[in-house]
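Have a look at the structure below, then the notes.
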Amino acid sequence: MYGSVSIIDIENSAKMLEEDPILLARFEGKIQNGEKIEPHDWMPKDYRRQLIRMIEQHAHSEIIGALPEGTWITRAPGFRRKMALMAKVQDESGHAQLLYNAAETLGKTREEMINDLIIGKSKYSNVFNYPAKTWADTAVIAWLIDASAIINQVTNSKGSYGPYCRALERICMEESFHLRYGYDNVVTLATGTPKQREMVQEALNRWWQPIMHFFGPPDKASVHSEILMRWKVKMASNDDMRQQFFNQYVPKILELGLSIPDKGLMKNKETGKWDFSDPDWNEFFEVIKGNGPCNKERIAVRRMAEEQGAWVRRALKKTNAYTVPLS
Ligand code: FAQ
């Protein structure tokens with residue numbers, strides 16, 4: 001910090017100075033008026049760069065996110081649940097396609113994005129680097145990770161970049177089905193036999209901290225929030241979204257007779273908000289650096305899919321049937 005000005009403020013101002021001030025003022029005016037920015041509109045280089053980074057990471061999270069639950073398709077209890085899980089996993093892969101399309105409107109090709117994922121250059125959500133050990137894990141993922149994703153995506157669907165917002169609106173409609181499916185599975189286990197209750201409680205205990213991390217580092221450690229909120233790409237801060245999750249979901253979890261593995265968790269009578277213990281942020285930074293329990297396995301599966309699918313893409317290109325739709 002230099003007085004009340006942070007290094008990030010200085011870097012952001014320097015980037016802004018590279019831009020034509022009249023175009024920049026017009027662009028920011030549009031954003032202030034709540035207008036959408038479309039692919040062919042003028043935009044600052046940093047707006048484009050930030051959007052590509054964020055949408056690409058989001059797209060990767062969807063295809064990688066299909067993997068932990070996907071491992072349970074063959075073992076799902078009963079035909080009805082197997083079909084529902086298969087449809088969910090398929091939806092998540094579809095969300096990735098919508099998001100890759102939105103990112104492509106900004107000038108980065110899908111091939112470049114996939115390549116950056118499999119060489120470990122691009123990030124994806126921390127949560128998908130943990131194993132789904134039991135059937136109850138899939139229930140907790142579908143209920144609480146989808147709930148977290150909905151909080152983030154409904155908020156940001158009111159943002160400034162047209163193609164991303166439209167993709168988020170479509171995705172959220174499907175995520176709401178996933179959430180109901182996940183809740184139904186959690187309720188079944190929580191109201192089932194002692195063994196089933198134990199299984200869902202144990203899954204919740206393991207997933208709680210990764211879910212806390214899902215919303216991103218605390219605001220004071222967030223690198224990109226300030227500029228993204230100024231340009232209405234992020235419509236709420238990491239801490240505000242995390243708090244919204246607590247307000248909406250802690251009561252629902254407790255209502256099911258499940259406990260939350262945080263001794264510091266309590267409702268603050270003065271603020272009406274939930275106070276909670278700081279999760280282990282070192283673990284979060286290790287996981288997003290590539291050192292989580294399943295990072296290597298997740299990337300290896302994506303690399304295999306890329307290699308084994310190469311002949312299909314080649315064949316489609318030869319028949320001219322391979323077109324890349326723009327959002
Ligand atoms: N995981 O400055 P900030 C889903 C990184 S979709 C990994 O605060 P920002 C559906 C961040 O990239 C889930 N990395 O960053 C589903 C940055 O690193 P960089 C994905 C994270 O961008 C459900 C650094 O830390 N959703 O779940 C994470 O302002 C079930 C500094 O952080 C989205 O992607 C993290 N959790 O805020 C699928 C939504 N958090 O790039 C299957 C769109 C932060 O400088 C089953 N993204 N980092 O190297 C966003 O809203 C934002 O990017 C945040 C992070 C809020 C995630």
Side-chain angles (χ1 to χ4, degrees), residues 8 11 49-72 85 88-96 98-99 102-103 116 120-130 132 137-157 159 161 164-165 167-168 171-172 174-179 181-182 207 209-231 233-242 244-245 279 281 283-292 295 298:
I8 295 170
E11 281 174 2
R49 189 184 62 80
Q50 282 282 4
L51 274 169
I52 292 175
R53 178 190 68 83
M54 202 171 118
I55 304 174
E56 176 181 355
Q57 286 181 8
H58 190 170
H60 295 331
S61 304
E62 300 277 356
I63 43 167
I64 298 264
L67 300 177
E69 287 170 285
T71 59
W72 277 91
L85 178 58
K88 180 184 190 299
V89 166
Q90 204 170 6
D91 283 352
E92 306 298 2
S93 309
H95 298 168
L98 291 173
L99 291 162
D116 283 351
K121 193 170 159 200
S122 281
K123 291 196 169 66
Y124 56 90
S125 186
N126 67 299
V127 276
F128 303 120
N129 290 306
Y130 292 86
D137 290 44
T138 68
V140 171
I141 294 172
W143 185 31
L144 296 179
I145 296 185
D146 277 85
S148 307
I150 289 174
I151 289 174
N152 171 290
Q153 290 163 188
V154 167
T155 310
N156 290 343
S157 70
Y161 188 58
Y164 186 44
C165 296
L168 290 181
I171 291 171
C172 285
E174 290 183 357
E175 302 283 32
S176 327
F177 281 103
H178 301 168
L179 184 147
Y181 151 84
W207 284 93
Q209 176 158 282
I211 293 173
M212 296 299 89
H213 291 156
F214 177 92
F215 297 93
D219 290 352
K220 57 180 187 302
S222 170
V223 185
H224 306 291
S225 284
E226 191 177 329
I227 192 72
L228 289 176
M229 288 176 73
R230 172 178 170 145
W231 282 338
V233 174
K234 271 170 95 164
M235 299 298 280
S237 77
N238 300 354
D239 286 339
D240 285 347
M241 294 216 200
R242 200 168 3 251
Q244 199 183 325
F245 173 81
W281 287 108
E283 175 172 323
F284 168 78
F285 286 111
E286 278 304 308
V287 170
I288 69 170
K289 260 198 314 201
N291 302 325
N295 297 58
R298 300 287 184 245

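Both ligands and their constituent atoms are indexed starting at 1 by order of listing.
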Practice prompt. Starting from the C-alpha separation in whole Å, work towards a yes-or-no answer on side-chain contact (heavy atoms from CB on, under 4.5 Å) for Asn156 and Val233.
Written response: CA-CA 7 Å; Asn156 290 343; Val233 174; over 6 Å; no
Worksheet item: Which bit of Phe128 is near ligand 1, meaning a heavy atom under 4.0 Å away: side chain, backbone, both or neither?
Response: side chain
Item to complete: Indicate yes or no: does an N/O atom of Glu92 lie under 3.5 Å from an N/O atom of ligand 1?
Response: no
Worksheet item: What about Arg53: any of its N or O atoms under 3.5 Å from an N or O on ligand 1?
Response: yes
Worksheet item: Counting distance only, does the side-chain N/O of Asp116 pair as donor-acceptor with the main-chain N or O of Lys121 below 3.5 Å?
Response: no
Discussion item. So, 4.0 Å and heavy atoms of Lys88: is ligand 1 close enough to count as a contact?
Written reply: yes
Item to complete: Give a yes or no on whether a salt bridge exists between Arg230 and Glu226, defined as a side-chain N under 4.0 angstrom from a carboxylate O.
Response: no
Worksheet item: Does Gln50 have a heavy atom less than 4.0 Å from any atom of ligand 1?
Response: no
Worksheet item: Which protein heavy atom lies closest to atom 4 (C) of ligand 1, and at what distance to 0.1 Å?
Response: Ala149 CB, 3.8 Å
Discussion item. Tell me whether Asp239 is salt-bridged to Arg242, with the criterion being a basic N under 4.0 Å from an acidic carboxylate O.
Written reply: yes
Item to complete: Using non-hydrogen atoms of the residue, decide whether Met241 is closer than 4.0 angstrom to ligand 1.
Response: no
Worksheet item: So is there a nitrogen or oxygen of Glu62 less than 3.5 Å from a nitrogen or oxygen in ligand 1?
Response: no
Fill in: Part of Val223 within contact of ligand 1 (heavy atoms, under 4.0 Å)
both
Worksheet entry | Gln57 side chain to His60 side chain, donor-acceptor N/O pair below 3.5 angstrom | no
Practice prompt. Consider ligand 1: state whether an atom of it lies below 4.0 angstrom from any non-hydrogen atom of Asn156.
Written response: yes
Item to complete: Return yes or no for this condition: an N or O of Gln153 is under 3.5 Å from an N or O of ligand 1.
Response: no
Practice prompt. Report yes if some N/O of Ser61 lies less than 3.5 Å from some N/O of ligand 1; otherwise report no.
Written response: no
Worksheet item: Between Asn238 and ligand 1, does any nitrogen or oxygen pair lie at a separation below 3.5 Å?
Response: yes
Worksheet item: Closest heavy-atom contact between Tyr130 and Glu283?
Response: OH-OE2, 2.5 Å
Practice prompt. Check whether any N or O atom of His224, backbone or side chain, sits under 3.5 Å from an N or O atom of ligand 1, and answer yes or no.
Written response: yes
Practice prompt. Flag Ile288 as yes when one of its N or O atoms lies below 3.5 Å from any N or O atom of ligand 1, and as no otherwise.
Written response: no
Fill in: For atom 21 (C) of ligand 1, closest protein heavy-atom neighbour
Phe284 CZ, 3.7 Å
Worksheet item: So Trp281 and Phe284, would you call those rings parallel, tilted or perpendicular, with 30° and 60° as cut-offs?
Response: perpendicular
Item to complete: Sequence neighbours left out, what passes salt bridge (charged side-chain N to carboxylate O under 4.0 Å, His left out) with Glu56? Give chain and number order.
Response: Lys108
Item to complete: Consider every N or O of Lys123 and every N or O of ligand 1, then say whether any pair is closer than 3.5 Å.
Response: yes
Discussion item. Below 4.0 Å from ligand 1: does a non-hydrogen atom of Phe285 turn up there or not?
Written reply: no
Worksheet item: With distance as the sole criterion, is a donor-acceptor pair present between the side chains of Glu92 and His178 under 3.5 Å?
Response: yes
Worksheet item: Of all the heavy atoms in Trp143, does at least one lie under 4.0 Å from an atom in ligand 1?
Response: no
